[in-house]
Amino acid sequence: MRLTNAKSVKQGIRAVAARAGVSTASVSRALNNPDAVSPSLRARIEQAIDALGYIPHAPARILSSRRSRTLGAIVPTIDNTMFARGIASLQQYLSSVGYMLFLTTSGYDLDVELQQARNLISRGVDGLVLRGDCHHDGLRKLLADNAVPFINVGIYQPDRPYPCVGTDNEAAAHRAAAHVIELGHRRIGIVSALQRNNDRASARVAGFRRALTENGLELPSQWHVEVPYTLDDAREAARYLLGLEDRPTAVVCGNDVIAYGVLLEAERSGFSVPRDLSVVGFDDLDWSRHLRPSLTTIHVPTGETWQRAGEYLVRSLAGEQTIMHREIDFSLVVRESTAAPPKSLK
């Protein structure tokens, strides 16, 4: 077993202090609580650290500050482009304030998420970023028992007693469906993500359905298909819908990747978008504006959402006042994939 050499750690700090012309206490404050020292002093200490090649010893810093300056994030999957974009923004922000990010995935399995949370907490993370508010009861107890701050990202639920930051998914989906209704569509199908253990997907389906109900429109059971988050499954769903004798003239989708699959399959099957079929996505991924036809979708500021999550935890850990429920605005982006329905199918 390799034991930590406390003497060498102290000597390293002394060398940094001597080179920067400051006390060892100042070096310790700069490492453990950067905001407690002035920017100019912090810069001098960082220059000394770089010049000496000194690497602060993490366990020693935890003992002295009772903080590891690490946060954990548990996401369902990294296959989702939105998660990748969000994690990148979170990582960038945390790096700018001297924090490190540990990332794990759950595969939409609440038991796995609970185990991953145990792993992260056992490794000393100061807080957790969680996706949505669909969690194992054991996870809520674990966080409460260990006084671990956390935030649910990607949702806005001000009536819940847990911190969150995100878009009102139900309202955003309602706006997406209302758009095709305003264009004159009365035969509207839904291709959603799987709703099990996914409150964002469920909220979006609820928003789609509310818009239909408010306008006196029915949703036949065969016009709603749930699929995993893949192009292949989305294409299969579109193939099924377009093959129905009584088919919809518009399809609202739970996310942009699903919408891409619907667009691709419509073209493969000989349908013209939007002449024969209107398609709406959700998320506004980068590819959505480059497709032909470009995709009408709901724009969600993913980068801002995840950065705000990081800011909440960092400020909470610093004892600063925070906003417990923060709503991120969405917007409808109308592009080329939606138009009035064909007269023969109204």
Side-chain angles (χ1 to χ4, degrees), residues 30-40 42-43 45-47 49-50 55-56 58 61-62 65 67-106 116-117 119-121 123-132 148-156 163-167 200 229 255-257 283-290 298-331:
L31 292 173
N32 298 317
N33 188 12
D35 293 335
V37 300
S38 68
S40 60
R42 189 163 63 245
I45 292 172
E46 288 174 353
Q47 289 173 359
I49 288 173
D50 290 341
I55 299 177
R61 291 176 65 186
I62 294 172
S65 66
R67 296 293 181 193
S68 65
R69 298 192 70 81
T70 62
L71 295 180
I74 307 174
V75 297
T77 175
I78 55 174
D79 289 338
N80 187 319
T81 305
M82 293 299 289
F83 294 154
R85 181 191 292 179
I87 289 297
S89 296
L90 176 61
Q91 173 67 56
Q92 183 177 17
Y93 164 71
L94 293 179
S95 294
S96 72
V97 294
Y99 272 76
M100 186 172 69
L101 178 67
F102 289 163
L103 175 65
T104 64
T105 60
S106 67
Q116 296 288 29
N119 292 338
L120 290 169
I121 292 172
R123 284 161 174 76
V125 297
D126 295 332
L128 287 176
V129 178
L130 305 174
R131 181 64 171 173
V148 176
F150 69 95
I151 186 167
N152 293 322
V153 69
I155 57 170
Y156 176 65
C164 64
V165 55
T167 290
R200 288 83 60 208
Y229 188 89
N255 56 52
D256 278 5
V257 171
D283 286 332
D284 196 19
L285 300 180
D286 291 338
W287 274 102
S288 298
R289 61 191 174 92
H290 296 295
I298 295 294
H299 175 74
V300 179
T302 302
E304 177 187 354
T305 300
W306 286 78
Q307 178 177 325
R308 295 293 188 188
E311 289 174 354
Y312 171 86
L313 288 176
V314 170
R315 294 187 63 182
S316 294
L317 289 164
E320 300 177 14
Q321 186 174 1
T322 57
I323 298 175
M324 188 172 184
H325 304 109
R326 182 184 289 274
E327 183 174 14
I328 303 297
D329 289 337
F330 65 86
S331 59

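Just so you know, these numbers come straight off a predicted model, no measurement behind them.
- A donor-acceptor pair under 3.5 Å links the side-chain atoms of Arg69 to the main chain of Gly98, judged by distance alone.
- Of all the heavy atoms in Ile74 and Ser106, the pair that sits closest is CG2-CB, 4.1 Å.
- Partners of Arg326 according to the salt bridge (Lys or Arg N to Asp or Glu O under 4.0 Å) rule, which considers only residues two or more places apart in sequence or in another chain, do not exist here.
- A 4.5 Å side-chain heavy-atom check between Val129 and Trp306 finds at least one atom pair inside the cut-off.
- The number of heavy atoms from other shown groups lying within 6.0 Å of CD (Gln92) does not exceed 12.
- Going from atom CD1 of Ile328 over to atom OG1 of Thr305 covers 4.5 Å, rounded to the nearest 0.5 Å.
- Put simply, the side chain of Thr167 never gets that close to the backbone of Val300: no donor and acceptor are under 3.5 Å apart.
- Between the side chain of Arg315 and the backbone N or O of Gln321, at least one donor-acceptor pair lies under 3.5 Å.
- For the atom pair CG of Leu101 and CD1 of Ile87, the computed distance is 5.5 Å after rounding to the nearest 0.5 Å.
- Going from atom CD1 of Ile298 over to atom CZ of Phe330 covers 6.0 Å, rounded to the nearest 0.5 Å.
- The closest donor-acceptor contact from the side chain of Ser316 to the backbone of Tyr312 lies under 3.5 Å.
- Side-chain atoms of Asn80 come within 3.5 Å of backbone N or O of Met82 as a donor-acceptor pair.
- Between Pro76 and Arg200, the shortest heavy-atom contact is CG-NH2, 4.0 Å.
- Taking OG1 from Thr104 and CG from Leu120, the interatomic distance works out to 4.5 Å, rounded to the nearest 0.5 Å.
- Checking side-chain atoms of Asp126 against main-chain N and O of Leu71 turns up no donor-acceptor pair under 3.5 Å.
- Summarising the geometry, atom CG belonging to Leu94 is positioned 10.5 Å from atom OG belonging to Ser89; distances are rounded to the nearest 0.5 Å.
- Between the side chains of Gln91 and Ser95, a donor-acceptor pair is found at a separation under 3.5 Å.
- In this structure, Glu327 has no salt bridge (Lys or Arg N to Asp or Glu O under 4.0 Å) partners at least two apart in sequence or on a different chain.
- With contacts defined as side-chain heavy-atom distances shorter than 4.5 Å, the pair Leu313/Ile151 qualifies.
- The two residues Gly124 and Ser68 have their closest heavy-atom pair at O-OG, 2.5 Å.
- Scanning for salt bridge (Lys or Arg N to Asp or Glu O under 4.0 Å) contacts around Glu46 gives an empty result, with sequence neighbours left out.
- Put simply, CD1 on Ile49 and CZ on Arg42 are 11.5 Å apart, with the number rounded to the nearest 0.5 Å.
- Under the 4.5 Å side-chain criterion, counting only non-hydrogen atoms from C-beta, Pro149 is in contact with Leu317.
- The shortest side-chain heavy-atom distance between Thr105 and Phe83 does not fall under the 4.5 Å cut-off.
- Under the 4.5 Å side-chain criterion, counting only non-hydrogen atoms from C-beta, Tyr229 is not in contact with Thr77.
- Considering every non-hydrogen atom in both Asp256 and Ser288, the closest pair reads OD2-OG, 2.6 Å.
- Taking both residues in full, the closest heavy atoms of Ile78 and Leu103 are given as CG2-CD2, 4.2 Å, listed atom of the first, atom of the second, then distance.
- Residues Val153 and Leu90 fail the side-chain proximity criterion, which asks for heavy atoms closer than 4.5 Å.
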Worksheet item: Where do Asp286 and Arg85 land on the side-chain contact (heavy atoms from CB on, under 4.5 Å) test, with the steps shown first?
Response: CA-CA 10 Å; Asp286 291 338; Arg85 181 191 292 179; 3.2 Å; yes
